[in-house]
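Both counts, for ligands and for their atoms, begin at 1 and track the order of listing. Just so we're clear, the structure is a prediction, and the values are computed from it rather than from any experiment.
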Amino acid sequence: MTDTPDTPNRFITIQEHIINEQRHHPAATGGFSWLLSGITLAARIISANVRRAGILDVLGDSGDSNVHGEQQQKLDLLANKTIELCLGYRGNVAMIASEELDQPKVITRGENDEARKYIVVFDPLDGSSNIDVNVSVGTIFSIFQRDPSRSDAADPASEILQPGDQQLAAGYIVYGSSTVLVYTTGEGVHMFTLDPSVGAFLLHSEHIRMPDKGKTYSVNEGNAGSFPEGVQRYLEWCKTEEAGPYSARYIGSLVADFHRTLLKGGIFLYPPTAKSPNGKLRLLYEANPIAFLAEQAGGMATDGRMRIMEKAPKSVHERTPLYVGSRVDMERLQRHLT
Ligand code: AHM
Ligand code: MG
């Protein structure tokens, strides 16, 4: 744990941290903290399952595919169900949407409709095609306040289609060599490590800043032949003497690739490709939360044309190109794209 004036030398749990954050919002009722604690409970349960994946019968394909036509791993479904259960009984969640649910799910449990004021969108187990080979995977989440002006009884998804700059909170959990949770409520980016022996997320560092410039580019270069020309030119530049050159690092799990970019700086790219002309990553539950965290840490996130967080989503599972990383690296990319 870092010993700074902001993080005194004592154990601070994520619950304590969230409650302290809430003190900055005098009108807060505690409901939002209650919701976040549902996410941390799900994270601990998913982490325990990921850690024992080779022992439990949870590895491999479930035999089903999701709305994107991708094979669902058994752990994808288990993680999805875990989050559903941990949020569904909080009483203040109106709706959830997930990579693994074809349609958003309206939640009717809880005191009354008015109390159900939050919407949570998530990717329960990102990078799940890596599970069988023991590579880091993660959970990504994004929280919105319900906006009754968008409500359309015939189409519950309409309430979910809010631009990223409306997010109240976002974060991810990376199940790596340790389990780490990173979150923001718009007041900086904070990181916690799960102590598995006591089952608590303990504060590791607060107000994380992404370095202004990094030395790493992260992209599936196997697809480079069909990247937009500007991206191809940028990747060529990364290999020149003028550039340094940069090192290439690509795990193939967005959460793990972004976590490295957040802490060490650099740039992550998932451009349009021949196979995925709109990019592969999903705007609502992958790109938006990552963009919120990146900007809160002093970095940038775009689709090559505009800020990710300004994009108005048209559908729940919409895809987007994603370029995210250190400010200086992103500005350099932008010059190659225009
Ligand atoms: P998933 O949500 O189905 O796991 O897919 C998303 C993953 C990201 O974690 C990662 O950045 C990307 O797909 C990797 O894609 P590719 O294998 O095309 O490089
Ligand atoms: Mg994913």
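- Ranking protein heavy atoms by distance to atom 6 (C) of ligand 1, first place goes to D126 OD1, 3.5 Å.
- Although no hydrogens or angles enter the test, the distance criterion places no donor-acceptor pair under 3.5 Å between the side chain of S276 and the main chain of N278.
- Between F192 and H17, the angle of the ring planes goes over 60°, which puts this pair in the perpendicular group of the 30/60° scheme.
- Heavy-atom contacts of R282 reach the following atoms of ligand 1: 1 (P), 2 (O), 3 (O), 5 (O), 6 (C) (cutoff under 4.0 Å).
- Close approach of ligand 1 to S128 (heavy-atom distance below 4.0 Å) involves ligand atoms 4 (O).
- Contact analysis puts G252 in contact with ligand 1, with a non-hydrogen atom separation below 4.0 angstrom.
- Atom numbering of ligand 1 starts at 1 in the shown order; those under 4.0 Å from a heavy atom of S253 are 9 (O).
- Nearest N/O/S atom of E286 with respect to the Mg ion (ligand 2) is recorded as OE2.
- Using a cut-off of 4.0 Å between Lys/Arg side-chain N and Asp/Glu carboxylate O, R282 and E318 are scored as not salt-bridged.
- Looking only at protein heavy atoms, the nearest one to atom 19 (O) of ligand 1 is Y250 OH, 2.5 Å.
- Every atom of ligand 1 is numbered from 1 in the order shown, and the set under 4.0 Å from a heavy atom of E286 is 2 (O), 6 (C).
- Going from atom CZ of R90 over to atom CZ of F32 covers 13.0 Å, rounded to the nearest 0.5 Å.
- At least one N or O atom of E99 sits closer than 3.5 Å to an N or O atom of ligand 1.
- Under the 3.5 Å distance criterion, the side-chain polar atoms of D212 are left unmatched by any main-chain donor or acceptor of V328.
- Judged by distance alone, the side chain of Q166 and the main-chain N or O of P163 form no donor-acceptor pair under 3.5 Å.
- Of the heavy atoms in D123, only side-chain atoms (C-beta onward) come closer than 4.0 Å to ligand 1.
- Within the 4.5 Å cutoff, the side chain of L36 has heavy atoms near those of the F141 side chain.
- Below 3.5 Å of separation, one finds no N or O of S129 facing any N or O of ligand 1.
- Residue-to-ligand polar distances keep L125 apart from ligand 1: every N/O pair is separated by 3.5 Å or more.
- Selection from L322, L254, V219, T273 by nearest heavy atom to atom 11 (O) of ligand 1 gives L254.
- Look at R307 and E295 and you find a salt bridge, because one of the NZ, NE, NH1 or NH2 atoms lies within 4.0 Å of a carboxylate O, short of that distance.
- Salt bridge E331/R327: present, at least one basic N to carboxylate O contact under 4.0 Å.
- Protein heavy atom closest to atom 4 (O) of ligand 1, with residue, atom name and distance, is G127 N, 2.7 Å.
- Vertex the Mg ion (ligand 2); arms to D123 atom OD2 and D126 atom OD1; angle 100° (nearest 10°).
- Ion pairing between a basic and an acidic side chain is recognised when a charged N comes within 4.0 Å of a carboxylate O; E100 and K105 show no such pairing.
- Once rounded to the nearest 0.5 Å, the distance linking CD1 of I160 with CD of Q103 reads 9.5 Å.
- Between Y270, F258, F268, it is Y270 that holds the heavy atom closest to atom 18 (O) of ligand 1.
- With respect to atom 13 (O) of ligand 1, the closest heavy atom belonging to the protein is K280 NZ, 2.9 Å.
- Using a 4.0 Å cut-off to heavy atoms of N220, the atoms of ligand 1 that qualify are 16 (P), 18 (O), 19 (O).
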